[in-house]
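A quick write-up on the structure given underneath.
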Protein chains: 2
Amino acid sequence: MATESVTIKDIAKLLGISKSTVSRALSEHSDVNQETRRRVLEIAQKLNYQPNVLALNLKQQRTHTLGVIIPETVNRFFAKAIGGIQKIANLAGYHVMICQSDESYVAERKNLQGLLASRVDGILVSVSSETDRTDHFDMLLQKNVPLVFFDRILEDVKASQVYTDNYEISFEGTEHLISQGCKRIAIVAGPQNLYNSRNRLMGYIDALKKHNLPVKDNYIIHSYFRGGNVEEYTRHLINLPQRPDAIFAINDYAAIEMMHVIKKNGLRVPDDIAILGFNNEAICRFVEPALSSIDHSAFDMGTAAAEILLNKIETGNLEPERRMIKSRLVIRESTHVRSV
Amino acid sequence: MATESVTIKDIAKLLGISKSTVSRALSEHSDVNQETRRRVLEIAQKLNYQPNVLALNLKQQRTHTLGVIIPETVNRFFAKAIGGIQKIANLAGYHVMICQSDESYVAERKNLQGLLASRVDGILVSVSSETDRTDHFDMLLQKNVPLVFFDRILEDVKASQVYTDNYEISFEGTEHLISQGCKRIAIVAGPQNLYNSRNRLMGYIDALKKHNLPVKDNYIIHSYFRGGNVEEYTRHLINLPQRPDAIFAINDYAAIEMMHVIKKNGLRVPDDIAILGFNNEAICRFVEPALSSIDHSAFDMGTAAAEILLNKIETGNLEPERRMIKSRLVIRESTHVRSV
DNA sequence: GTGAAAGCGCTAACAA
DNA sequence: TTGTTAGCGCTTTCAC
C-alpha cells in the first residue's frame, strides 16, 4: 500500500558505502567514523528514513507488541485497565494488541492463538467468566510465552498474577452492612468458576458467620456479567418471604438497575433495602441515593500487570510473581440505614 | 522467547524435498503432486506447524493489521465502536491495534506515527477534541495509507467518513424540547473545532430560529469531553437571571450529573428544567427521572468504518466514500414536561 | 511437478 | 573503521 520507503540500501548506494556501515551508523552503539555517521544521519534525515519494523521483527523474532485479552472493552473496569497497560507499554516502546473474549472460553482460546500467531512478546489476560479450564494457558507456558493474569486470575496456572483482595473487601463490605443493622443480606455473586467470585462469596459468608447471621442459599444469586437478568433476580429477591434488607451487588451498573427495580416496587433504598455496589464508578455519586461501592483501581492493575510482563520479557525471567492491589470501601447513602 | 517453532525448512528436511515444494503444498492453489501434498500436510499437522507471520509480513510488506485511534477507551461510545471494528476485522482475518489520543493532538500525531511504523495496512480514526489541524492525516494520504474517519470526522481531509446526522438529530431534539413547551433552551456543545459539535450547535440554532425563539449566547456552553466541570457550568446555567427551562447535554453522563446538580439545588427535572442526553446509554432507563437521549449506534459505526477500510485495503481503491448512520431520538421522562 | 536461487530489510559474525 | 556474507522464514520466478 504505502509508497516505497527508503531503506538502508538506498542510503548506502547514495553514499557509496555498504549497507552494514549504514546500519552501524544508525545504531548508536557501534563505532563508525564520525564523518561517515554524520553523512548517514544527514541523508537519513533528509530522505525521512524509517527503519522497516517488519524486517526487524523477523530478524529478532520479536515484535515489541503485548497481547491483551479481556472479556469486554465496554466494561469500564477493563477499559480503564487498558489505559494503564497502554501507558506502561508505550513508555517502554511497546505496542498493544487488544482482543475481547466476550466472556466466552472458545473466543478466549481463539484470541490466544491469534496473538501467538502474531508473535506478540507477551500476553496479559483477564479470563472470561466462562473459562473453567486452563489448557490453553498451559500450552502458552509450555512455549515459554510470558504471561500475566490480572483481576480475573486463574490460580492454577503457573503465571504471574495481579489481583485484588476480593475476600477481604467482601468481608469488609458485608460487615459494613451488618454494622448498619442489616440482618438479611443477599449477595449477587459472579459465576463460581471465577476465583474472584468465589473469594467474594467466601468473604461474605465468613462475615455473616462471624456475626452469627445465618447463611441462606436463597440469598445467594449467581449472576453472569452480561446483565439482562438484573430485573428478574431483583424481583425474585424482593418477593422472598423473608425479604432481604441489604443486597451486595456484583457491580455498580447492576446495583443501579436494582435500585431502580426496588423503587419501582414501592420499596425504599436504603431504608427497606440497602445496596452496595462494586467498582466505584463516577456515576455512583450522581444516582439517588448515592451508591456505596468498592473502589478498585483498574488503572493501577493495568500498570502493575504491564510492568510485570515487560520485566519478564526484557529479563527473560519467567518466575511467577504475585502482586495485590488493595480495594477500598466507599460509603455513601445507599447503605446508610440508621445511626447505630 | 517462544521455543523454536517448526519451519518449512524442517518439514522439507524431514521429507527430503525442497522448501519451495513444502511452501507450495501448504498454499492450496499451486500444483503439487497429490501424494507430496498429503505427506506435507500430514507432517505439518503432526509437528503443529504454524507459518511465521513475521516472515510473511516482511515478504508481503503488509501485516493484516488495522490501526485504530480513538480519544479514549473509557468512553463507552468508543468502546462499543471498537467492538464493531474488531468483529469485522476478525472475520476478515485481520488484527486490530488500538491507540488512545486522550483527546490530545500531540498524542494523536504520535499514535499515527507509531501505527505507521508498525506498518498497519490501514487506519481508522475518530479525532481528538483538540485536533484542529489536518497535517498529520494529509501526510498519511500522501503515503497512500488507507484511512477512514468515523464519528469524529475531519471534513477537510480527503478520506472516507462514517458519521451520523448530527445536524438533523440535534434539530429534532431541540424541536422536541420546544414541543414540550420549553422556551429557554440551553445547550452544552462540544469544542467548536469538531465537525460534530458544530453541526449539533447549528441544528439547535436552526430549530430555535424556525420556532422564532431567540438564540442567546449565554445559553451556549462549550464543554470539553473529559468531564470535571459539569457541576460548574450547570450552576452557571441555573443561576442565570433568565434560567433555562431545558438543557440539551453533550452526553448521558454529563446529563446525569447535571440532573444531580439541578436537584441538589432544589429544582425539579423535568418540571423546572428538562434534560436531554446524548448516546442513549443503558443507564438512562435507570436514573430518575429516566433520561431522554439520542440513540446513536456506535457498534454500527465501527462495523461500517471497518468494512470501508477493508475494502480499500483489499481492492486498492482509495476513492473517498461517505456513509451516514442515522441517529434516533428516544423520549423518556426527563423531557416530558407537560401534555401539549 | 519440483528444485535452486533470489529477495523482502535488517543485523551481526567474520574478514580485511 | 569498513565491507562481505549469511541468515531470519517465507514466496516466487526461472529452470529443468
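Residue numbers start from 1 in every chain, and the chains themselves are labelled A, B, ... in the order their sequence lines are given, proteins ahead of strands.
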Measure the spacing between CZ of B/R119 and CZ of B/R62 and express it to the nearest 0.5 Å. 14.0 Å
[X] [atom1] to [N] [atom2]: how many Å, rounded?
| X | N | atom1 | atom2 | answer |
| --- | --- | --- | --- | --- |
| B/N57 | D/dT11 | CG | P | 12 Å |
| A/I11 | C/dT11 | CD1 | C1' | 15 Å |
| A/L54 | D/dC10 | CG | C1' | 13 Å |
| B/D31 | D/dT12 | CG | C1' | 13 Å |
| A/I8 | D/dT2 | CD1 | P | 15 Å |
| B/R62 | C/dG9 | CZ | C1' | 18 Å |
| B/N52 | D/dT11 | CG | P | 10 Å |
| A/Q61 | C/dA12 | CD | P | 14 Å |

Taking the nucleotide of DNA chain C with the nearest heavy atom to each, does B/N33 or B/L58 sit closer to the 5' end? B/N33
Taking the nucleotide of DNA chain C with the closest heavy atom to each, which residue, B/R24 or A/A55, is nearer the 5' end?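 By nearest-heavy-atom nucleotide position, the 5'-most residue is B/R24.
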Look at the side-chain N and O atoms of [X] and state whether any lies under 4.0 Å from the OP1 or OP2 oxygen of [N].
| X | N | value |
| --- | --- | --- |
| B/Q34 | C/dG1 | no |
| B/Q50 | D/dG9 | no |
| A/T21 | D/dT2 | no |
| B/S23 | D/dT11 | yes |
| B/Y49 | D/dC10 | yes |
| A/S27 | C/dT11 | no |
| A/T7 | C/dG9 | no |

Under 4.0 angstrom, heavy atoms only, what part of the nucleic acid is A/I17 near: base, sugar-phosphate, or nothing? sugar-phosphate
Determine whether A/T73 and B/T73 make a side-chain contact, defined as any pair of heavy atoms from C-beta on separated by less than 4.5 Å. no
Within 45° cone and under 6.0 Å: A/R323 NZ/CZ vs A/Y163 ring: no
Residues B/D138, B/K158: salt bridge by 4.0 Å N-O rule: no
Return the 5'-most residue of the pair A/K19, A/T36 with respect to DNA chain D, ranking by each residue's nearest nucleotide.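 Its nucleotide being nearer the 5' end, the pick is A/T36.
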Pick the nucleotide of DNA chain D nearest each of B/L56 and A/G16; which residue has the one closer to the 5' end?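 Closest to the 5' end, via its nearest nucleotide, is A/G16.
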Please confirm whether any donor atom in the side chain of A/R119 sits under 3.5 Å from an acceptor in the base of D/dG9, or the reverse. no
Give me the atom names and distance for the closest heavy-atom approach of A/S118 to B/H95. OG-NE2, 3.0 Å
Grab the two heavy atoms, one from B/Y49 and one from B/L26, that are nearest each other, plus how far apart they are.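 Answer, listing the atom of B/Y49 first, then B/L26: CE2-CD2, 3.6 Å.
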Nearest listed nucleotide, side chain of A/S20, among D/dG3, C/dC10, C/dT2: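 The closest nucleotide is D/dG3.
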What nucleotide among C/dG3, D/dG3, D/dC10 has an atom nearest to a side-chain atom of A/S18?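 The closest nucleotide is D/dG3.
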